Amino acid sequence: MNLQTEINELFVKQQDEWEQLKKAIEQLDKIREKEFSWGDTFTVRVQFNPARMTSTAAKTDKEAVEKRPCFLCETNRPLLQRGVPFLGKYSILCNPFPILRNHVTIPIHSHVPQRIRNKTGDILTLTEELPDYIVFYNGPKCGASAPDHFHLQAGLKTSLLLQGDNALRSCLTIESENRKETEELFEDVYQYLRHCQPEEEEPMMNVIAFTEENKYKLHLYPRRAHRPRHYYEEGSRQLLISPGALDMAGLIISVREEDFDKIERQDIEEIYSQVSMPVI
Ligand SMILES: [Zn+2]
């Protein structure tokens, strides 16, 4: 059985036995969204998704992370959550707080920090086995709510999530039919970004990976801030938005209705300019 079929079957089974997941997926059908366009070139969709509050408001500083039980370690996962094994070292799990159709979280078995270097091979294998999906990575300071446990995510592809570079934020595209070349190009870009942010343990980035027309494609979003200024404002000026890979691609998650109602084009432009790192 191929991996996509296995995941489809996992979703069917898990919705039968895990009420919380079933409700969360039903909720996704009723979710409110609104769109903004910049000419014909770029669209941003804002999704009102209150179930993402825990993730958006997650404290990811070292102290807070060390104090809480890691929710990606097998012993702390929901009792009803089952997984599909991948490469003998990952579990593919239905995400109980979905943003996308067939949204899965893919933690590695061991409790090791969120670092992408040397994981590109695993990412490319996933994109080969999941041609209908995007696979995405949030750096430890770029939207990952578990910066202490390596994990990837994936969900069904939509054209909105495949948008490349545009005037609002940077996106570096790596594209090749050759797997080895893709990995080497990623390493080159990684080293360049590392040079730009020598103080960071890992250059700040989000990555969206997929296959298209028999090519591997990686969209890298270099970052200069974890969260925009709006996140830290108070009262009516605050917008509780904590961008990850999907937000950088063009799907912005708003966890509070008041933010969803008031967010405007200018806020979106400001958010991108604050968190995205310009590259030459
Ligand atoms: Zn863990």
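Whatever order the structure lists them in is the order used to number ligands and atoms, beginning at 1. Because the structure is a prediction, the values reported are computed rather than measured.
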Would you check if the distance from the ring center of Phe136 to the ring center of His103 is below 6.0 Å?
yes

Protein N/O/S atoms closer than 2.8 Å to the Zn ion (ligand 1)
Cys70 SG, Cys73 SG, His111 ND1, His149 ND1

Decide whether Asn2 and Thr5 meet the rule of one side-chain donor and one side-chain acceptor closer than 3.5 Å.
yes

[X] to [Y] six-membered ring, cation-pi geometry met (6.0 Å, 45°):
X	Y	answer
Lys34	Phe260	yes
Lys119	Phe150	yes
Arg82	Trp18	no

Say you draw a straight line from CD of Glu202 to CD of Gln197; how long is it, rounded to the nearest 0.5 Å?
10.0 Å

